[in-house]
Every structure is written in C-alpha cells, then in structure tokens.
Amino acid sequence: MKTISVINYKGGVGKTTITANLAAELAYRGKRILAIDLDPQASLTFSFFTVDEWRKSYEGSKTIKNWYDAFIDKDTDLSLASLIAHPKRISVGRGKLDIICSHLALINVDLDLATRLIGGTERDLRNNFLRVHSRLRHGLESLNDREYDFVLIDCPPNFNIVTKTAIAASDYLLVPTKPDYLSTLGIEQLEKHVGELVKNYNKYVTDCGNKEWGKIGPETLGVLFTMIQIRNQQPISAQQPYIEQVKRLGVTTMNTFIRENKTIYADAPEYGVPVVLQRVSGKTYEDVQSELEELTTEVLGKVS
Ligand SMILES: Nc1ncnc2c1ncn2[C@@H]1O[C@H](COP(=O)(O)OP(=O)(O)OP(=O)(O)O)[C@@H](O)[C@H]1O
Ligand SMILES: [Mg+2]
C-alpha cells in the first residue's frame with residue numbers, strides 16, 4: 001500500500017480535483033483506492049456525496065474528525081476502517097474506490113492537536129511530537145495492508161498539524177500548482193517546510209531510540225501544473241515563464257499538464273462522478289479526459 005498526499009498550501013490550485021480524478025482513474029484501472037479528505041472545506045467529500053447523504057450517514061460519527069477526536073479526547077484508537085464510505089454514484093468495475101469523509105469542524109482539531117504537543121521535559125516534548133505527527137501514519141498501518149493499493153490524501157491549503165500528519169504518513173507527495181506568480185512562490189517554501197518536518201521527525205526518532213517509531217521520507221512525485229491555458233498545443237506565453245521558474249528551482253515536475261476548462265471541472269462535483277470517468281463525447285471532453293489518463297499513467301510509472 002502506497003500513500004500519496006496531494007498537497008500545496010496555496011488554495012484553489014486543483015488539489016481536490018486532481019485527487020478525485022486520480023483516485024477514480026486508478027480505481028477504474030483495477031486498483032484498490034482509499035481517498036481521505038483532510039480538508040475542513042470537505043470539497044473531496046462533496047465531490048462524491050451529496051450534502052444530504054453526508055448529513056444522514058457520515059456527519060455524526062463517520063468522518064476523519066471523529067478519528068482525531070477519539071485520540072484527543074480519550075487517547076483511544078478508533079479504527080480508520082470503521083469510517084470508510086462507499087460512493088454510490090460511481091462505478092469502477094474491477095477496482096475499488098472508498099472514501100473517508102471530512103467534516104466542516106475539522107478546523108478545530110488543529111488547535112487541539114497543538115495543545116497535545118506541549119510537554120514539561122525534553123523527553124515529553126519529543127514523545128508528544130512523535131505521537132501526534134505519526135497519528136495518521138499509524139492509523140494507516142493498522143488498515144489491512146492488502147486491502148488497498150493506494151491511499152490518496154487531499155490536503156487542506158495550509159501547513160497545520162493535520163497536514164503534517166499527512167506528510168508523515170506519505171510515501172509520495174504530488175504538488176499541483178497554477179503557473180502564476182503567487183502559486184509558484186509557494187513551491188520553494190513548501191519544499192523547505194517539508195524538509196524541516198522530515199528532519200525534525202527523524203531526529204526525534206533517532207534520539208528516542210525506540211523501535212516503535214520508524215523514520216519518514218516522503219518523496220516528491222512532482223509539481224503538477226494545472227489550469228494551463230493551451231494555445232497551439234502548448235501553454236500560453238504568459239504562463240511559460242512560471243513553468244520555467246519552477247523547473248529552475250530543481251524540483252521534479254510532472255510531464256503531464258492539466259489544462260484549464262472551467263465548465264467541465266466546475267460541474268463535476270454536482271454530478272458526483274469525476275471528469276475522467278464521465279461518459280460524454282466531444283473533442284473538448286476527450287482532451288481533458290486524456291490528460292487525466294496520462295497523469296494517472298505517469299503517476300503509476302513513478303510509484304511502481
Ligand atoms: N483544470 C481546471 N480548469 C478549470 N477549473 C478548474 C481546474 N481544476 C480545478 N478547477 C476549479 O477550480 C476550483 C478550485 O479547484 P480545487 O478545489 O480542485 O482546488 P484546491 O487546490 O483543492 O482548492 P482548496 O485549496 O480550496 O482546497 C474549483 O472550482 C474547480 O472546479
Ligand atoms: Mg481542495
């Protein structure tokens with residue numbers, strides 16, 4: 001089982017859209033996928049479930065917030081497996097697409113987790129740091145390893161503790177970004193902060209000398225350029241400098257570009273089926289879908 005976090009603390013760059021489509025296409029190709037919505041905006045959740053479905057079946061006790069709450073309130077382990085939901089409106093043939101929903105009140109969990117980090121002695125601090133940050137990593141380890149091929153985590157647009165639990169749980173990070181000034185500025189910061197988190201975590205693991213904790217080392221799959229405006233089969237000249245700028249940073253970039261199409265992407269959550277699996281015809285749809293398929297092939301090539 002490999003875990004991929006879709007992450008960027010810049011908002012609105014296409015994280016949720018990419019998570020939903022990658023999850024759906026991987027499942028369609030026969031993979032067993034668990035998608036986890038870690039964003040209190042719950043956009044991934046509402047890409048697969050209607051608000052009514054969520055209220056009726058999940059809001060009360062079956063969201064990722066309930067799982068963090070069990071740890072915060074009672075120091076107990078609620079099984080992640082007990083939170084798994086099955087979207088009904090989507091059919092993936094041989095594969096499997098399951099979801100763990102988010103909750104609008106997940107926003108409060110970060111503060112509560114932060115208070116968990118406080119400790120009197122250096123040893124307390126270290127143990128609390130590892131206990132909190134390894135929360136999701138350990139939760140995923142307790143899922144039956146053979147049940148899923150991939151876990152895809154849709155991260156919120158921040159670098160708070162919940163997001164850090166996703167990084168610590170990840171084998172890979174996929175970083176969607178828009179090719180514009182503000183979006184590309186954040187890439188260098190993200191790399192730096194992920195590096196610092198990994199360094200601190202692993203130092204604490206070494207210092208505490210306890211075999212219970214393993215070191216972490218998420219690998220960047222690549223920066224994925226989204227919302228590309230295509231002209232003459234390539235990104236418009238206004239976007240090209242930003243793509244070049246990111247490449248010059250030395251970070252890995254994905255070969256696939258995701259083009260901008262506001263109409264097709266905006267309608268998808270209401271429909272409950274990600275764009276890549278919608279049965280529609282026409283050249284515009286084909287172009288959009290084939291890019292998402294290409295992305296899936298590229299990701300598979302990098303992780304297997
Ligand atoms: N390739 C695209 N072309 C046009 N619109 C897109 C594209 N991808 C996503 N969008 C739209 O842009 C908006 C933001 O996308 P999305 O929610 O996937 O971003 P996000 O990074 O997850 O945002 P947040 O940081 O708020 O979680 C949505 O309305 C979505 O429909
Ligand atoms: Mg999102």
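Because the structure is predicted, anything quoted here is derived from the model rather than measured. Each ligand, and each atom within it, is numbered from 1 in the order the structure gives.
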Would a search of protein heavy atoms around [atom] find one under 4.0 Å away?
| atom | result |
| --- | --- |
| atom 28 (C) of ligand 1 | no |
| atom 18 (O) of ligand 1 | yes |
| atom 6 (C) of ligand 1 | yes |

Consider every N or O of [X] and every N or O of ligand 1, then say whether any pair is closer than 3.5 Å.
| X | answer |
| --- | --- |
| Pro157 | no |
| Gly12 | yes |
| Asn261 | yes |
| Lys15 | yes |

**Item:** Part of Asp154 within contact of ligand 1 (heavy atoms, under 4.0 Å)
**Value:**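 No part of Asp154 comes within reach of ligand 1.
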**Asked** Checking only N/O/S atoms, does Thr16 have one that is under 2.8 Å from the Mg ion (ligand 2)?
**Response**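 So Thr16 counts as coordinating the Mg ion (ligand 2), yes.
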**Prompt:** Any idea how Phe257 and Phe225 line up, ring-wise: parallel (<30°), tilted (30 to 60°), or perpendicular (>60°)?
**Reply:**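 Geometry flag for Phe225 against Phe257: perpendicular rings.
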Going by distance alone, is a donor N or O of one side chain under 3.5 Å from an acceptor N or O of the other, for [X] and [Y]?
| X | Y | value |
| --- | --- | --- |
| Tyr68 | Thr165 | yes |
| Lys215 | Thr206 | yes |
| Asn66 | Thr63 | yes |
| Asp180 | Ser183 | yes |

**Asked** Any non-hydrogen atom of Ser43 lying under 4.0 Å from ligand 1?
**Response**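 Heavy atoms of Ser43 never come under 4.0 Å of ligand 1.
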**Prompt:** Is the closest heavy atom of Thr226 to ligand 1 under 4.0 Å?
**Reply:**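 Thr226 does not count as a contact of ligand 1 under the 4.0 Å cut-off.
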**Item:** Within 6.0 angstrom of Gln229 CD, more than 12 heavy atoms from elsewhere
**Value:**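 Buried by this count: over 12 neighbours within 6.0 Å.
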**Request:** Might you work through the ring-ring contact (aromatic ring centres under 6.0 Å, His included) test for His138 and Trp213, ending with a clear yes or no?
**Result:** CA-CA 10 Å; His138 284 167; Trp213 312 107; 5.6 Å; yes
**Request:** Would you check, one step at a time, whether the test salt bridge (charged side-chain N to carboxylate O under 4.0 Å, His left out) holds for Glu53 with Arg55?
**Result:** CA-CA 6 Å; Glu53 280 171 333; Arg55 289 228 165 93; over 6 Å; no
**Shortest protein heavy-atom distance from atom 2 (C) of ligand 1, along with the residue and atom involved** =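 Sorting protein heavy atoms by distance from atom 2 (C) of ligand 1 puts Tyr265 CD1, 3.3 Å first.
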**Distance, nearest 0.5 Å, that separates NZ of Lys31 from CZ of Phe150** =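 Answer for the NZ-CZ pair, Lys31 versus Phe150, is 6.0 Å.
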**Prompt:** Which ligand 1 atoms, with their elements, are less than 4.0 angstrom from a heavy-atom of Arg259?
**Reply:**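 This gives 1 (N), 2 (C), 3 (N) as the contact atoms.
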**Message:** Can you name the atoms of ligand 1, numbered from 1 with element, that are less than 4.0 Å from a heavy atom of Gly11?
**Reply:**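 With Gly11 as reference, the close atoms of ligand 1 come out as 25 (O).
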